[in-house]
J.: 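Dropping the structure in here first, questions after.
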Protein chains: 2
Amino acid sequence: MATIYDIAKKAGVSTATVSRVINGVNHPIKEETRQRILQIAQELNYRPNAIAKSLAGGKSHTIALLIPSITNDFYTQICEVIEEKLEEKGYHTYLCNTRRNVEKESRYVESLIARQVDGVIFSPTRVKPQDNQVNLDNIDKLRKNGIAVVAFGSQFKGVSQIYINTYKGAFDATRYLISLGHKRIGFIDGLSAGTRKSRRRGYIKALEESGIGFDPWLVTAGNLQMEDGYACAYKLLSLENPPTAILAANNLMAIGVLKAARDKGLNVPGNLSVIGFDDSLLSKVVDPSLTVIKQPLKEIGEAAVNLLMNQLEGNQKHETIQLETRIVRRQSCGNPKERG
Amino acid sequence: MATIYDIAKKAGVSTATVSRVINGVNHPIKEETRQRILQIAQELNYRPNAIAKSLAGGKSHTIALLIPSITNDFYTQICEVIEEKLEEKGYHTYLCNTRRNVEKESRYVESLIARQVDGVIFSPTRVKPQDNQVNLDNIDKLRKNGIAVVAFGSQFKGVSQIYINTYKGAFDATRYLISLGHKRIGFIDGLSAGTRKSRRRGYIKALEESGIGFDPWLVTAGNLQMEDGYACAYKLLSLENPPTAILAANNLMAIGVLKAARDKGLNVPGNLSVIGFDDSLLSKVVDPSLTVIKQPLKEIGEAAVNLLMNQLEGNQKHETIQLETRIVRRQSCGNPKERG
DNA sequence: CTCCTTTAGGAAACCGCTTACCTCAATTAT
DNA sequence: ATAATTGAGGTAAGCGGTTTCCTAAAGGAG
């Protein structure tokens, strides 16, 4: 591997000059010298050593993406746009999969500090699936080591973040169902979702605003898996006065609802309307395809990169960007009057 | 950030001693000194700088995972096990998403060399979706720079690799359908799949072996998306003597087949049996759930790590590990005699 | 009481690159 | 004509570790 020294020697200049040429630093260099150096670098198949560069320069030009799951569409789609944007800006991205494991997350954070990443885009894992707390120490630790941080997936304090208005998402979904004529609307909440409370608030608000009022019997919660959706829906549908529509906190649970409906002999959307949160291939592929509240994945990724860049340019203020959801109508919702 | 110098000064020793203690190097150190250094390191909240370490030591303890897609279950599941295994062994993993873009892949390779990764687990992208060639230069470049490489997803020469016996997979799938009584079996091949030829060979072999023989009219190919599966299936089902079973080269296309069958008014598995390649949540969630040829994701990941470790331990030989597929029976296959 | 090993630790070169500070000649300004 | 700039490049001190030699004392063998 050729180094800057090899080039310097061959060109009869100092390494400083070579470094300047290679990096296009703002320092006068004779055009002829520049050409010669570039030429030699080419000949020697020179490739700057990123490690040495980071050590000397204090910047690694690497940012890390710390996410709870890499097998979940929601995250991977965000990842794709973040990675794309970041590459445009000359950054390399470390993709770190915490698998919702708090210790693993901490290990990653340590490792990222040791590796001197310039910034981290972070969707922290909740400490216990049951509650809503995340380990803020990790964010602190990163920041104390001079690493820029942008968070998403929940609401945090003292850090730049992307906040998705799931309150309004749930509100809109519920209102949509109401507009179709539904009066008994079930809600399957997500136990470990970071935005749990606000979703529920949106749901309740829509019911109250329309004068229907909130029936606690129609609210359950599951652990975001298909089976949970199935179980919760089964319970709801077994009530003596069952809902005519169900809103589920994510698409996996919504698919569980679909299965429960089928097992109960209910036609969707004929006898039951179903609406999910999150959009993904799954929602399109199931039969009937799912009407969902779509989160603005692309915008999340772009906003995250923008906030991070702001910080990397020295802006110390914490900014919060709020993004809205959008309803995507497919086949799973209909008019309740059709019901036998 | 505390450095090894700070510790050395505070402990009244040289940096050499500190380095030895921190790394547990095989060099005699008085127990008392060791304790003191460890103690001070703790107090100073010392965290070794991975960058400096890499530069000095020539090893980054990082390996890269270069894959065509991060939104594809097939790859992400492999990633999870690789990352897990690698972490156990003390390696950090860079996850690089090439998005099936050859230039991007090359850029990544350059960057990985500059970053001095110790090894790469690589599923190369085909140069043109249509043909079966990959850019072997990238593998070469990596190896020339002393980076260990393990490849998977196709068949390569001159590199350690995991080879999945899709020939046998297709053979088994076809034979399974034959054993159910099917005589007209359609095949939807994948245009850009790395294992295209062998799949087709397996399909043909099974047909010939059973005496049914191969009818070229029953073979088409699509670009691995749902729409392609739909289109191909629609064509097959519109033949005057349509197939009673269809084998698709991946699960997305198999789902497309399901949709086409529905639109054609055919019941699956009553009137048409469908079998897909690759297993994923999708296959379980669709209705009817898909019978598939499952690739041994976990084993692929484990084998890849093992091969890589072999190389990192100095073993220069190229090894190939062949892994077998397995059929997972669900609801989409049945007996053809039931057909009206 | 020597001579050889071990044990414990230090000095400093090196990894490849950046950058603050210099130098010196050629211009330009006054 | 002299001082002040500017252009072009060099010197060398880091960045934070690792590692190869060394040294010196203590223990053991003969």
Side-chain angles (χ1 to χ4, degrees), chain A residues 1-38 40-41 44-62 110-118 145-146, chain B residues 1-38 40-41 44-62 110-118 145-146:
Chain A
M1 275 278 55
T3 74
I4 219 173
Y5 282 92
D6 303 328
I7 300 179
K9 201 192 298 172
K10 202 156 181 181
V13 298
S14 73
T15 61
T17 305
V18 177
S19 174
R20 283 168 186 142
V21 168
I22 301 285
N23 295 294
V25 163
N26 182 22
H27 187 106
I29 300 280
K30 216 196 294 173
E31 187 53 27
E32 182 208 313
T33 315
R34 172 191 309 284
Q35 290 306 332
R36 184 155 36 97
I37 289 177
L38 253 21
I40 293 176
L44 261 40
N45 193 15
Y46 172 73
R47 205 181 267 115
N49 180 325
I51 302 271
K53 220 162 167 152
S54 301
L55 183 58
K59 308 217 117 310
S60 63
H61 276 269
T62 299
E110 287 294 326
S111 169
L112 294 174
I113 294 173
R115 284 183 153 71
Q116 309 245 80
V117 297
D118 297 339
N145 283 278
Chain B
M1 274 278 56
T3 73
I4 220 175
Y5 283 91
D6 303 328
I7 300 179
K9 201 192 298 174
K10 201 157 182 180
V13 298
S14 73
T15 61
T17 306
V18 177
S19 175
R20 283 167 186 142
V21 169
I22 300 287
N23 295 295
V25 164
N26 182 23
H27 186 104
I29 300 280
K30 217 194 296 172
E31 187 53 25
E32 185 206 311
T33 315
R34 173 192 307 285
Q35 290 307 331
R36 186 156 37 96
I37 289 177
L38 254 22
I40 293 174
L44 262 40
N45 193 16
Y46 172 72
R47 204 181 268 113
N49 180 326
I51 302 273
K53 223 163 164 151
S54 301
L55 182 57
K59 308 217 120 308
S60 63
H61 276 269
T62 299
E110 287 294 326
S111 170
L112 294 174
I113 294 173
R115 284 184 153 71
Q116 308 245 81
V117 297
D118 297 340
N145 282 278

J.: Looking only at side-chain atoms of B:Asn49, point me to the closest of D:dG16, D:dG7, C:dT19.
T.: D:dG16
J.: Of the options C:dG9, D:dG7, C:dT19, whose atoms approach the side-chain atoms of B:Lys30 most closely?
T.: C:dG9
J.: Can you see if the side chain of B:Thr33 gets near the phosphate of C:dA8 - specifically, an N or O under 4.0 Å from OP1 or OP2?
T.: no
J.: Under 4.0 Å from OP1 or OP2 of C:dC15: is there any side-chain N or O of A:Thr3 that close?
T.: no
J.: Take the protein atom CD1 of B:Ile4 and the nucleotide atom P of C:dC15, then report the distance between them rounded to whole Å.
T.: 18 Å
J.: Under 4.0 Å between any heavy atoms, over every strand shown, what does B:Arg47 touch: base, sugar-phosphate, or nothing? Just pick one.
T.: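 Counting heavy atoms under 4.0 Å across all strands, the contact made by B:Arg47 is with sugar-phosphate only.
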J.: Scan B:Ile29 against the nucleic acid and name what it touches under 4.0 Å (heavy atoms): base, sugar-phosphate only, or nothing.
T.: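 It contacts sugar-phosphate atoms only.
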J.: Using a cut-off of less than 4.0 Å, is there contact between a side-chain N or O of A:Tyr5 and OP1 or OP2 of C:dC14?
T.: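 Looking at the OP1 and OP2 atoms of C:dC14, neither is under 4.0 Å from any side-chain N or O of A:Tyr5.
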J.: CD1 of A:Ile37 versus P of D:dA8: gap in Å, rounded?
T.: 13 Å
J.: Send over the distance from B:Asn26 CG to C:dT7 P, rounded to a whole Å.
T.: 11 Å
J.: Given side chain to side chain contact (heavy atoms under 4.5 Å, CB included), test A:Ile4 with A:Tyr46 step by step and report yes or no.
T.: CA-CA 8 Å; A:Ile4 219 173; A:Tyr46 172 73; 4.3 Å; yes
J.: Using a heavy-atom cut-off of under 4.0 Å over every strand shown, decide if A:Val18 touches base, sugar-phosphate, or nothing.
T.: nothing
J.: Taking side chain as C-beta onward, heavy atoms only, is A:Gln116 less than 4.5 Å from A:Thr62?
T.: no
J.: OP1 or OP2 of D:dT18 less than 4.0 angstrom from a side-chain nitrogen or oxygen of B:Asn23, does that happen here?
T.: yes
J.: Kindly say if A:Ser19 contacts the phosphate of C:dT18, meaning a side-chain N or O under 4.0 Å from OP1 or OP2.
T.: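 Answer yes for this pair, as a side-chain N or O of A:Ser19 is under 4.0 Å from OP1 or OP2.
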J.: Please determine whether a side-chain nitrogen or oxygen atom of B:Ser14 lies at a distance below 4.0 Å from atom OP1 or OP2 of C:dG10.
T.: yes
J.: Report the C-alpha separation of B:Arg115 and A:Asn49 in whole Å, then their side-chain angles, then the decisive distance to 0.1 Å, and conclude whether the side chain to side chain contact (heavy atoms under 4.5 Å, CB included) test is met.
T.: CA-CA 7 Å; B:Arg115 284 184 153 71; A:Asn49 180 325; over 6 Å; no
J.: Under the 3.5 angstrom rule, does the side chain of B:Arg36 hit a backbone N or O of B:Ala11 as a donor-acceptor pair?
T.: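 Flag set: sc B:Arg36 to bb B:Ala11 pair under 3.5 Å.
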J.: Touch check for A:Ser54, heavy atoms < 4.0 angstrom, all strands: base, sugar-phosphate only, or nothing?
T.: nothing
J.: Heavy atoms from C-beta onward define the side chain here; which of D:dG17, C:dC15, C:dT18 lies closest to that of A:Thr15?
T.: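 When the side chain of A:Thr15 is considered, C:dT18 is the closest of D:dG17, C:dC15, C:dT18.
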J.: Separation of A:Glu32 atom CD from D:dG7 atom C1', in whole Å?
T.: 14 Å
J.: Mind checking B:Val13 for me? I need base, sugar-phosphate or nothing, with any heavy atom below 4.0 Å counting as a touch.
T.: sugar-phosphate
J.: Measuring only between side-chain heavy atoms, which start at C-beta, is A:Val21 closer than 4.5 Å to A:Thr33?
T.: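 A:Val21 vs A:Thr33: side chains apart.
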J.: As a quick check of understanding, evaluate side chain to side chain contact (heavy atoms under 4.5 Å, CB included) for B:Thr17 and B:His27, giving each step before the final call.
T.: CA-CA 9 Å; B:Thr17 306; B:His27 186 104; over 6 Å; no
J.: Look at the side chain of A:His27 and the base of D:dG9, then say whether one donor and one acceptor between them are separated by less than 3.5 Å.
T.: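 Flag set: donor-acceptor pair detected.
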J.: To the nearest Å, how far apart are A:Ile51 CD1 and D:dT18 C1'?
T.: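 A:Ile51 atom CD1 is separated from D:dT18 atom C1' by 15 Å.
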J.: Map B:Glu31 and B:Ala56 onto DNA chain C by nearest heavy atom, then report which one ends up closer to the 5' terminus.
T.: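 Per heavy-atom nearest nucleotide, the more 5' residue is B:Glu31.
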J.: May I have the distance from B:Lys59 (atom NZ) to C:dG16 (atom P), rounded to whole angstrom?
T.: 14 Å
J.: Rounded to whole Å, how long is the line connecting atom CD1 of A:Ile7 with atom P of C:dT18?
T.: 11 Å
J.: Take atom CG of B:Leu55 and atom C1' of C:dC17, then tell me their distance rounded to the nearest Å.
T.: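 Whole-Å distance recorded here is 8 Å.
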J.: Would you mind telling me which residue lines up with the more 5' stretch of DNA chain D, A:Ala52 or A:Arg20, judged by nearest nucleotide?
T.: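 Nearer the 5' end of the strand: A:Arg20.
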